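Proteins come first, then strands; the chains are lettered A, B, ... in the order of their sequence lines, and each starts at number 1. All values derive from a computational prediction rather than experimental measurement.
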Amino acid sequence: MLDSTYMPYNPTEIEKKWQKYWKDQSIFTTEDNTEKPKKYILDMFPYPSGSGLHVGHPKGYIATDIFSRYYRMCGYRVLHPMGWDAFGLPAENYAIANKVHPRVAVEKNVQRFKEQLEIIGFDYDWDREINTTDPQYYKWTQWIFLQLLKAGLAYESHEPINWCPVDKTGLANEDVENGRCERCGALVELRPMRQWVLKIRDYAEKLIDGLEELDWPHSIKESQRNWIGRSEGALITFKASNIDLSVFTTRPDTIFGVTYMVIAPEHELVERLLVSKAVKNAEEVREYVEQTKNKSELQRKEDEKEKTGVEIKGIQITNPATGEKVPVFVADYVLMGYGTGAIMAVPAHDERDFAFAKKYNLPIREVISAGELPSIADGKLVNSGEFNGLPSEEAKKKITQWLQEKGIGEAKVDYKLRDWVFSRQRYWGEPIPIIHCETCGVVPVPEKDLPVELPAVEHYEPTGTGESPLANIEEWVNVSCPNCKGSAKRETNTMPQWAGSSWYYLRYMDPKNTDVLVDKEKEKQWMPVDMYVGGAEHATRHLIYARFWHRFLYDQGYVSTSEPFMRLQHVGLISGEDGRKMSKRWGNVINPDDVVHEYGADTLRVYEMFMGPFSSGAMWSTASIRGARRFLERIWEIAEKPINKEEVSDEVNLALHRTIKRVTEGIEQFRFNTGIAAMMELVNVLEKKDFSREVIQNFILILSPFAPHIAEELWQKMGNTESIAYHPWPKYDGKLLSEADVTIPIQINGKVRGELTVAAGADQGTVESKARELPNVQKHLEGKEVRKVIYVQDRLLNIVVS
RNA sequence: GCCGGGAUGGCGGAAUGGUAUACGCGCAGCACUUAAAAUGCUGUGGCCGUAAGGCCUUGUGGGUUCGAGUCCCACUCUCGGCACCA
């Protein structure tokens, strides 16, 4: 019978109690003690949308919470902060839809998010909370932009860019998915516009090389490599009497197969040729160029199958390899955005050129022997003069060298990565700190005048004209030039949502000291981030942009590490019970507040970590969450059991140490599901066996990162007066584990016919003779000849018979 | 099309080349209850068998090995990323 002090498990009560205790006692204030080793554990900070959190959002935060609590107990000083990525279109659109100022909406949403996070019992140091929309924060976002400008990495461009007609703003390449706006799904148009652009391409090589040293998921590294898209090839200049045409190719070995050339319609050379009078069909060409201009990116992609183009008659270019004169086409299957915007066409060895050549009856000359045409594979060269017989690989080098000697070619590495279109024609973002002066031109705002604050306005809806709503605020726009004091206007474009998140991890190290980007000492104490956790959708946006800015700041000497995030883990999405993405639209949203009220925060935490591998997606299951609650209730009951023994049985002790090992490894490797399974197995043992005080104490310690409230409560009930959060993590006894008896299978011809429990390290003779005594083994050996005996110590015995 | 994952009971999933199906959910039977819920106990991959035990089983087909979910080859399906990228 349970004694009179027995209380049933009541999470509502104890969770409130411990959350208040942690707050009142500042338990999770970041430690300054630099004697301790550090761990910087970071979540991708959310942006506070109007709809609040659903149960999928906290999954990553639960993981970093467990991770940080674990390392704190292991004696590390831990930095585990949280903040708000509050600029950007969603916040602004929400504000417009609900007719409130974005600042007001953000404040309200932050409040709501914070409440939702707090009831889950996270160990965030809220003294370090940051918000990208705080002028003291974005002052430094603007400052970084000025440093990029100073370093020649920011420039104004008037090239056509992606324009979203619904969101009424320009977009970066990364914001376009299959020709549609990533955010709203509208078809993206091409618009020539004045834009601020960052030269991320200059960092392509460094961004690829830097991936080497990172402990990131393979898939993310591959995505980034893919996105940056490095290819090695040659830059070759083709000459005609009046023009030079420069092309990039990865297949210089096919140069003898060039039978025509193609220029993208947007190529500036087209216009130059048309005015030169050498062109006989200028009208026709001009018409084609006009036609393609009106095609959107998407239309161009849809037209993929049917290649179109028009020959520029009267112009011929000499193939330097053959000496042959070849025609020149304008065709939109050649993109202005990659390489030089012009290609040497090798129809025999390129599928696109092949299709085009077929359609326009152009010669197709095989120069690589590699099967049926068009063949894109490497092979041996044919029809290639002195290079005949060489394999492609070697020919690429030799031909490039030969072209170089002739002064018309060189080896060249090119990238798919586009420069970063950095301006948005919207209100809710960091103003770009630039002043346009009538006499001095582009003038950076002096650093002492930062931040350039976003003015308070009544109307912040997008204008749709390609100008930011800020352009209408005359008293803000009109300023005097910092150089000549003459009349000047502010830049009215704002920065993209990704700006503030490209350096926020630096601000957490010293959030109050906004006089510097980051304190040098503090930066050295904490960087790099040891564990970064967030969604996979950021693979080619945030994670590339942040690496780019960080690498730039490193090159400029502002930070001490070349990479910001050493280890990265992905959160797998939680979908609704119907298997669909959790969304209002499907009515399948599960609110974490409701789960906490019904089952408790500890149950939510344990359940989400137990659902499956951390980076895999999982479906929410209201039926399954009961299992997590039962697990905690059983622990509660076990802790109520009177302690009968101070001496521990070997069996229980072994079970405990096995569990400590598995939980320890589970946390370090982000395999929380198997860690929890290990603890469940221990519960199964402790329910049936007597155990000492030490056993249950150690169990509560390893449970505490997962279910901190119940752990603190039980810890206190056992007479401890200090928070469990800083109690040393138990160590498992490796010797105990390796010396324990082992049960090994006895196989005959690889089939299990029995098992034996023997002392660890038992020798073959002992095991074999014991095995031969087993009746079932004898039965299977009868009348058979033993050919071979395989013995793996502590693992198995396999008798091979014929 | 190219690049990268993945496929294990009714379900989520576990397994350094060494007893496949741990742990949980669900389900069934039993106990408690007037009853239900909750809780506890027992069972739970398939087939044969009263049992002991046997045979089969990790998407498909081959291979390496004493031994393969795990390694190799070919394929099917599936999920992500990229895609007229020269």
In terms of side-chain geometry, is the basic nitrogen of [X] or [Y] positioned less than 4.0 Å from the acidic oxygen of its partner?
| X | Y | answer |
| --- | --- | --- |
| A:E637 | A:K641 | no |
| A:K396 | A:E232 | no |
| A:E651 | A:K689 | yes |
| A:E177 | A:R180 | no |
| A:R251 | A:D350 | no |

Just the atom pairs and distances: protein N or O near nucleotides 30-32 of chain B's N or O, under 3.5 Å.
none

Taking the same atom, P, in B:U60 and in B:A52, what whole-Å distance lies between them? 30 Å
In whole Å, what separates the C1' atom of B:U70 from that of B:G18? 11 Å
Stacked cation flag A:K412 on A:F248, 6.0 angstrom / 45 deg: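 No cation-pi geometry.
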Could you check whether [X] gets within reach of a base, just the sugar-phosphate, or nothing at all, counting any heavy atom under 4.0 Å?
| X | answer |
| --- | --- |
| A:V800 | sugar-phosphate |
| A:N776 | sugar-phosphate |
| A:N684 | sugar-phosphate |

With RNA chain B as reference, determine whether A:K688 or A:I625 sits nearer its 5' end, using the nearest nucleotide of each.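 The residue closer to the strand's 5' end, by nearest nucleotide, is A:I625.
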For B:G54, take OP1 and OP2 only and decide whether either is under 4.0 Å from a side-chain N or O of A:R753. yes
For A:R630 and B:G26, is the shortest distance between a side-chain N/O and OP1 or OP2 below 4.0 Å? yes
Near-strand residues of residues 609-620 of chain A, defined as heavy-atom separation under 4.0 angstrom from RNA chain B: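 The answer is A:F610, A:M611, A:P613.
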Which of residues 742-752 of chain A have a heavy atom under 4.0 Å from RNA chain B?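 Within residues 742-752 of chain A, the residues near RNA chain B are A:T743, A:P745, A:Q747, A:K751, A:V752.
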Report yes if a donor N or O on one partner sits less than 3.5 Å from an acceptor N or O on the other, where the partners are the side chain of A:R795 and the base of B:U19; otherwise report no.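 Result: no qualifying N/O pair found.
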I want to verify a distance call: between B:G4, B:G26, B:G53, whose nearest atom is closest to the A:E222 side chain?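 The nucleotide sitting nearest to the side chain is B:G4.
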Among the candidates B:A22, B:G40, B:A86, find the nucleotide nearest to the side-chain atoms of A:E681. B:A22
Nucleotide forming a Watson-Crick or wobble pair with B:G80, both distances under 3.5 Å: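 B:G80 is paired with B:C3.
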Any strand: nucleotide that pairs with B:G29 via Watson-Crick or wobble, under 3.5 Å: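 Its partner is B:C41 (Watson-Crick or G-U wobble, both distances under 3.5 Å).
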The test is side-chain hydrogen bond (donor to acceptor under 3.5 Å, both in side chains); show your working for A:E174 and A:W227 and say whether it passes. CA-CA 9 Å; A:E174 285 78 8; A:W227 187 262; 2.9 Å; yes
In B:G9, glycosidic geometry as syn within 90° of 0 or anti otherwise: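 Chi for B:G9 falls in the syn range.
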